[in-house]
Protein chains: 2
Amino acid sequence: MTHAFLPVLRELAEAYQAFEAYSSAHIRTLDLTPPQFDIIATLGNTTGMPLKELGEKTLITKGTLTGVVDRLTDKKLVQRIASPSDGRSQIVQLTPQGEALFAQIFPAHLGYMALAFTELSAQDLVSMENNLSRLRTAFMAARAGKEQA
Amino acid sequence: MTHAFLPVLRELAEAYQAFEAYSSAHIRTLDLTPPQFDIIATLGNTTGMPLKELGEKTLITKGTLTGVVDRLTDKKLVQRIASPSDGRSQIVQLTPQGEALFAQIFPAHLGYMALAFTELSAQDLVSMENNLSRLRTAFMAARAGKEQA
DNA sequence: TATTGTTATACTCTATAACTATA
DNA sequence: TATAGTTATAGAGTATAACAATA
C-alpha cells in the first residue's frame, strides 16, 4: 500500500478551496478581504488586543499584519491605542463604526455559512470535527518532528 | 442548536493551514512557490497540456497562470509550444530540466508528506476521505444554490 | 539582551478587464 | 460571436531583515 494518504490530501485541499470560494464570495460583497474579515471577527466582542496576540490568532505575521491593520484603519474600522502596561505594545480595537459593522455582518455571515450545512447531521459534524482535529495534529506533530531533527 | 457547524469550519481552516505550512516548508527548500510546485506536479508524467486545461486542474485563473508559467519558463523548467490542432492554443510542457526536477522532487515530497500519516490507520484515511468529500460537496451545492437564486 | 512593532524591499499571487488572434 | 491566451492595472498578502523604542 503506497501513498494511501494521497486522496486525503487531495480531498482536504479541495474541501478547503470550496469553503474558501464560498465564504470569500460573501466577504467580498462586504468590501473586505478574507484577512480583513478575519481581523474584524477576531476583534468583535473584545476590548481589543495587542498586535502580537492578534497575529497569533489570525496566523498573520507581524510585518504583514501592520499593513492589514493600516488598511482597516484607513477604512475607520479599527484603531490603535498605546498599551497602558507596555510601552512597546499597541492595542488594536474596533472603532464604533467597526463594531457596528461587526454587529451587522457577523451574524449575516454565519447565516450564509449555515446554508452549506443543511444536509449534514449532528453526527456528521462530530465525525468531521474529530477527523479534522486528528489531521491537524498529525501535521503539527510532523512539523515538530522535523524541527528537532 | 445554533451554529453547531462552527467548530467544523474552524477545524477545517486549521487543518488546512497546518497542512499548507508543513507542505510549503518543504516546497520552499526546492526554490519553488506552492503554485509553481502544483504546476510541475500536474505536468509530470504527461506530454503537456493547454494553458486552459492546466488552469482548470490547478485552479489558477488564466491571467495569473500566464505569470506563473512565465516564471517557470525563466527557470527553464517548462516551455510553451504551439498547439498543432488549434492556432489559439499554447501547450505547456516540462523541459528536460523540468522532468529531471520532477523525477527528483516529487517522490521526495511524497515521502515527506507520508511522515505526517504514520499514526493514522487505513480506516482513518477512508473516514477522512469520505468526510472531506461530503464537506466539499456541501459547499459546492451551496454555491450553486446561491448562483441560481 | 530580548521583545514589540514599524519600515523597507522585492516578489508572488489575485481579480478584473481590455485586447489579439484565431475558431 | 465565442474562445485561448496575453497584457495591463491595481491591489493585497508573503517572507525577510533591518531598525527604533522599550522592557
Side-chain angles (χ1 to χ4, degrees), chain A residues 13 16-17 20-40 42 48-75 77-93, chain B residues 13 16-17 20-40 42 48-75 77-93:
Chain A
Y16 180 79
Q17 281 155 358
E20 176 66 17
Y22 181 66
S23 175
S24 71
H26 181 235
I27 288 170
R28 270 187 262 106
T29 67
L30 309 170
D31 269 312
L32 295 172
T33 65
Q36 288 169 9
F37 179 83
D38 200 3
I39 288 176
I40 300 284
T42 302
M49 63 189 73
L51 271 161
K52 171 162 176 75
E53 184 180 345
L54 188 57
E56 286 162 358
K57 295 202 176 181
T58 58
L59 297 180
I60 301 174
T61 54
K62 61 181 184 178
T64 302
L65 191 56
T66 294
V68 182
V69 168
D70 284 349
R71 285 182 279 278
L72 286 172
T73 301
D74 290 346
K75 292 182 182 177
L77 296 175
V78 307
Q79 58 192 347
R80 289 174 170 92
I81 59 173
S83 165
S85 60
D86 186 334
R88 299 167 301 183
S89 181
Q90 295 281 319
I91 302 218
V92 190
Q93 61 187 197
Chain B
Y16 180 79
Q17 281 154 359
E20 176 66 19
Y22 181 67
S23 174
S24 71
H26 181 234
I27 287 170
R28 271 187 264 106
T29 68
L30 309 170
D31 269 312
L32 296 172
T33 65
Q36 288 170 9
F37 179 84
D38 200 5
I39 287 176
I40 300 284
T42 302
M49 63 189 71
L51 271 160
K52 171 161 178 72
E53 184 179 346
L54 188 56
E56 285 162 357
K57 295 202 176 181
T58 58
L59 298 180
I60 300 176
T61 53
K62 61 183 183 177
T64 302
L65 191 57
T66 294
V68 182
V69 169
D70 283 349
R71 285 182 281 276
L72 286 171
T73 301
D74 291 345
K75 293 182 182 178
L77 296 175
V78 307
Q79 59 192 345
R80 288 175 171 89
I81 60 174
S83 166
S85 59
D86 187 333
R88 299 167 301 180
S89 182
Q90 295 282 319
I91 297 199
V92 189
Q93 60 186 197

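Letters go in sequence order (proteins before strands), and every chain restarts at 1.
Note that the first and last nucleotides of DNA chain C, 5' to 3', having any atom under 4.0 angstrom from a heavy atom of chain A are C:dT3 to C:dT7.
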TODO: For the pair B:Asp70 and B:Arg80, evaluate side-chain contact (heavy atoms from CB on, under 4.5 Å) and give the outcome as yes or no after the intermediate values.
DONE: CA-CA 10 Å; B:Asp70 283 349; B:Arg80 288 175 171 89; 3.0 Å; yes

TODO: Decide side-chain contact (heavy atoms from CB on, under 4.5 Å) for A:Leu72 and A:Leu32; before the verdict, give the C-alpha distance in whole Å, the side-chain angles of both, and the deciding distance to 0.1 Å.
DONE: CA-CA 9 Å; A:Leu72 286 172; A:Leu32 295 172; 4.3 Å; yes

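In this structure, the CG atom of A:Leu32 is 11 Å from the P atom of D:dA12, given to the nearest Å. Here the C1' atom of nucleotide D:dA15 and the CD atom of B:Gln36 are 14 Å apart, to the nearest Å. Taking atom CZ on B:Arg28 and atom C1' on D:dA15, their separation rounds to 8 Å, with Å as the unit. Computed from coordinates, the A:Arg71 CZ to D:dG11 P distance equals 11 Å when rounded to whole Å. Regarding A:Glu20, its CD atom lies at a distance of 16 Å from the P atom of D:dA12, rounded to whole Å. Between the NZ atom of A:Lys52 and the C1' atom of D:dA23 there is a distance of 14 Å, rounded to whole Å. The nearest whole Å value for the distance from the CG atom in A:Leu51 to the P atom in D:dA21 is 18 Å. Between the C1' atom of D:dG5 and the CE atom of B:Met49 lies a distance of 17 Å, rounded to the nearest Å.
Taken to the nearest 0.5 Å, the OG1 atom of A:Thr58 stands 10.5 Å off from the CD atom of A:Glu53. Residue A:Gln90 holds its CD atom at 9.5 Å from OG1 of A:Thr66, rounded to the nearest 0.5 Å. Between atom CZ of residue A:Arg71 and atom NZ of residue A:Lys75 there is a gap of 9.0 Å, rounded to the nearest 0.5 Å. Here the CG-OG distance, from A:Asp38 to A:Ser23, works out to 9.5 Å after rounding to the nearest 0.5 Å. To the nearest 0.5 angstrom, A:Lys52 atom NZ is 8.0 Å from A:Lys62 atom NZ.
With sequence neighbours left out, the ring pair (Phe, Tyr, Trp, His ring centres under 6.0 Å) criterion links A:Tyr22 to A:Tyr112. Applying the side-chain hydrogen bond (donor to acceptor under 3.5 Å, both in side chains) criterion to B:Thr73, with sequence neighbours excluded, gives no partner residue. Listed by chain and residue number, A:Tyr16, B:Phe19 satisfy the ring pair (Phe, Tyr, Trp, His ring centres under 6.0 Å) test with B:Tyr16 (two or more places apart in sequence, or in another chain).
Taking every heavy atom of residues 55-66 of chain B and every atom of DNA chain D, pairs under 4.0 Å involve B:Lys62, B:Gly63, B:Thr66, by number. Contacts between residues 85-92 of chain A and DNA chain D, defined by a heavy-atom separation below 4.0 Å, involve A:Asp86, A:Gly87, A:Arg88, listed by number.
Nearest heavy atom pair, residue A:Val68 against residue A:Ile39, reads CG1-CD1, 3.5 Å.
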